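Quick note: numbers below take in every heavy atom, side chains included, and nothing from hydrogens, waters or symmetry partners. Residue numbers start from 1 in every chain, and the chains themselves are labelled A, B, ... in the order their sequence lines are given, proteins ahead of strands. These numbers come from a predicted model, not from an experiment.
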Amino acid sequence: MPAFSRSLLLLPLIVVLAACRQATPSLPAIQVEISHVVGAAPLVIGVALTTPAGETLSVKRLQYYLSNPRLLRADGSWQAPPQDLQSPDGYYLIDAAKPETTHFLLPAAPAGEYSGVEFTIGVDEVRNGSGAQTGALDPAHGMFWTWATGYIHFKLEGRSPASPEADHAVTLHLGGNGLQRTVFLPFAPKPVRVSTDIQPTVHLHADLAAFLGGAAPLKFAEQPLVMQAKDGLPLADRLGSLLSVDHIHHEPAGAPHRP
Amino acid sequence: MKSRLVPRRSAGRVVLLAALLLAVFGGLALNARGGVERLVDYLALQRTPSFSVPAGWPQPVYDFSNNPITDAGFALGRQLFYDPKLSRDGTIACASCHQQFAAFAHYDHPVSHGIGNQNGKRNAPGLFNLAWQPQLMWDGSAHHLELQPLGPLANPVEMDQNLPDLLTRLRADAEYPARFAAAFGTPEIDSQRLLRALAQFTGTLVSANSRYDRYRAGDTDALSVTEQTGLASFRAHCASCHTEPLLSDFSYRSNGLDAEPKDPGRSTITGRDEDRGRFRVPSLRNLGLTPPYMHDGRFDTLEQVVEHYRSGVVDSAALDPVLRGGVRIDDGERDALLAFLRTLDDPAFVHDIRYADPGARR
């Protein structure tokens, strides 16, 4: 039998294998959506709000990094993608003024139930020292101290009449190693399900009032300007209260998303 | 027709070849030395430095495996290093304050001299063996070779250029997209490619060919008897911080310049009060080529520097303990030490045309 005819015999097998491959649909990744709020009200850039300390603040810029997401499985183990120091995957630069930055997909995770997600708020120390980066970590985004090399993890800029600075400026830049904070956000009331037919979405609130408030609300009259790691350190723990899970959607995969 | 033309053309070729050979050999014979030198220079100009670790040196800190040196990448880095387009108003290149003849320091400038005739804050250090430095800058603000250029680029008294604007300018340039394509495969210009091309140039600036190096390699004639005495003195008094073979341990120390430092130095980065007035221990390589000295360029001569350690060390909380009370170097020892320090210059490095301005006419 000529070789050509023999290979023809394999054709049905190839077709079946190809069909099987196609029949395995990809698992939808968990989507994260972030709404920026001040307590119960939405945060609007450029519109005055009242801080927990009773001061007025108009936010010009609110930007921060979320990084190194990992999911907690129902059995207590972690699902984390492998780290590649040459890739910006798993680093998200959130800008409250840019809607396209306030939703993203978490790295692919196997089917199953997950009870929470952990993020680093900021850029971890290893990546902070790994040279010129791309994507969300491109220093051209301006989240980088060029005079004290390292990423700015969190940036809040605006104006407050309470600020004694020129033009009543408020400038909080939290950066440098030691100021990154890790947050664990439990999925409540029910775990998030990853399966072929479901598109899960975790809707987070980033609450500026929670960041500025707490036991000793931040007063811009006293602290309008933070631009060094040393000065930012006492504020870094506030990063832990910025984010919370507001609600979770499970919708049919491929269906148009309703926020 | 054909049979007539062919031999004629061949004859023409022979004449041409003969003329060419005559011109070449005649030229060489007339000016053998200059011609050969020029030819060697020309060939060297075509070469890209390879990065290798000199014998007896530790492994470098910078990892070229993520940024492999290529002919086009190195040439691009070199072009960028010498291009004033990198500054906001197009007047200041990296090379403005890092001059090859001064081992890439700023000759005769106590502090760097930036855009709009502004003075910088600190002395522009020589650039060599940067791949071994765990951090860069006097205060260690840059903790990665690739990220270091972001400091002087952004500094309003140096190049005053914001990164997005610079990328826009390079993308619109007539030459750069093609050069980035040659170096990185596609014409896209982003900050990583910009910084990695620069690192291909700055990281390959290796200076390891001083007389001191030849002496270390076993050539006992490379240093005179006096210089060898100076080396012994250096090892006794200086080498605890200026560790061989890189001649720095890259720590941050106060060498007793001021009781109350004007420049906070390392403490700007660490936020620690005890680091006030501490600066990176500089390498002493190419010392004779890189005056003035200290982070603020306060000393013009090596004699002044050595005298500082002998008699000028000022006490302060930050002062390095080994310098408390100064360093005991008698007059004879001082002269030998000074003679030795001048053997650290590497003339081959400062004359290596692979590192020279690619636009300059020779």
Side-chain angles (χ1 to χ4, degrees), chain A residues 61 63 83-89 91 93 95 97-98 122-153 155 157 172-180 223 225-236, chain B residues 61-67 121-122 134-168 170 184 188-200 203 264 266-273 275:
Chain A
R61 198 168 277 143
Q63 289 166 286
Q83 266 274 11
D84 173 4
L85 289 179
Q86 299 304 309
S87 159
D89 290 352
Y91 290 82
L93 175 54
D95 184 336
K98 291 185 182 155
V123 176
D124 55 285
E125 186 163 351
V126 170
R127 193 58 74 104
N128 212 356
S130 295
Q133 304 281 319
T134 57
L137 292 171
D138 190 330
H141 293 303
M143 293 290 279
F144 198 91
W145 277 331
T146 55
W147 52 270
T149 298
Y151 285 91
I152 299 171
H153 311 306
K155 199 185 246 194
E157 293 175 6
L172 301 186
H173 292 180
L174 306 186
N177 289 330
L179 279 78
Q180 304 93 338
Q223 202 157 23
L225 187 71
V226 173
M227 290 183 78
Q228 290 201 30
K230 179 182 62 166
D231 302 335
L233 195 56
L235 305 184
Chain B
V61 177
Y62 183 67
D63 180 4
F64 275 105
S65 68
N66 293 324
N67 184 22
K121 210 167 88 174
R122 294 180 185 145
Q135 296 104 25
L136 302 109
M137 317 297 270
W138 281 105
D139 57 9
S141 63
H143 51 208
H144 197 283
L145 179 63
E146 290 171 9
L147 298 172
Q148 185 282 335
L150 296 174
L153 273 171
N155 194 328
V157 297
E158 294 184 52
M159 299 167 91
D160 195 25
Q161 174 66 286
N162 90 34
L163 194 49
D165 289 353
L166 173 58
L167 294 173
T168 304
L170 295 178
F184 297 107
E188 275 79 49
I189 300 178
D190 64 14
S191 53
Q192 187 184 56
R193 287 178 166 190
L194 168 73
L195 295 169
R196 286 191 168 173
L198 278 166
Q200 287 196 30
R266 181 66 177 159
S267 71
T268 311
I269 307 307
T270 63
R272 291 197 302 249
D273 283 343
D275 286 332

Going by heavy atoms in the side chains, are B:Leu163 and A:Phe144 under 4.5 Å from each other?
no
Pairwise distance CG(B:Asp63) to CG(A:Leu85) - rounded to 0.5 angstrom
10.5 Å
Please determine, among A:Gly129, A:Gly131, A:Pro139, the option with the most heavy-atom pairs under 4.5 Å with chain B.
A:Gly131
What's the spacing between A:Asn177 CG and B:His143 NE2 if we round to 0.5 Å?
6.5 Å
Just verifying a value: how many Å separate A:Trp145 CH2 and B:Ile269 CD1, rounded to the nearest 0.5 Å?
9.5 Å
Part of B:Leu145 within contact of chain A (heavy atom distance under 4.5 Å)
neither
At a 4.5 Å cut-off on heavy atoms, which part of B:Asp190 comes close to chain A: side chain, backbone, both, or neither?
side chain
Which portion of A:Gln86 sits near chain B, non-hydrogen atoms under 4.5 angstrom
side chain
Nearest 0.5 angstrom please: A:Gln133 CD to B:Leu195 CG, how far?
11.0 Å
Smallest heavy-atom separation, A:Ala140 atom then B:Leu167 atom, equals CB-CD1, 4.1 Å
Separation of B:His144 NE2 from A:Asn128 CG (nearest 0.5 Å):
11.0 Å
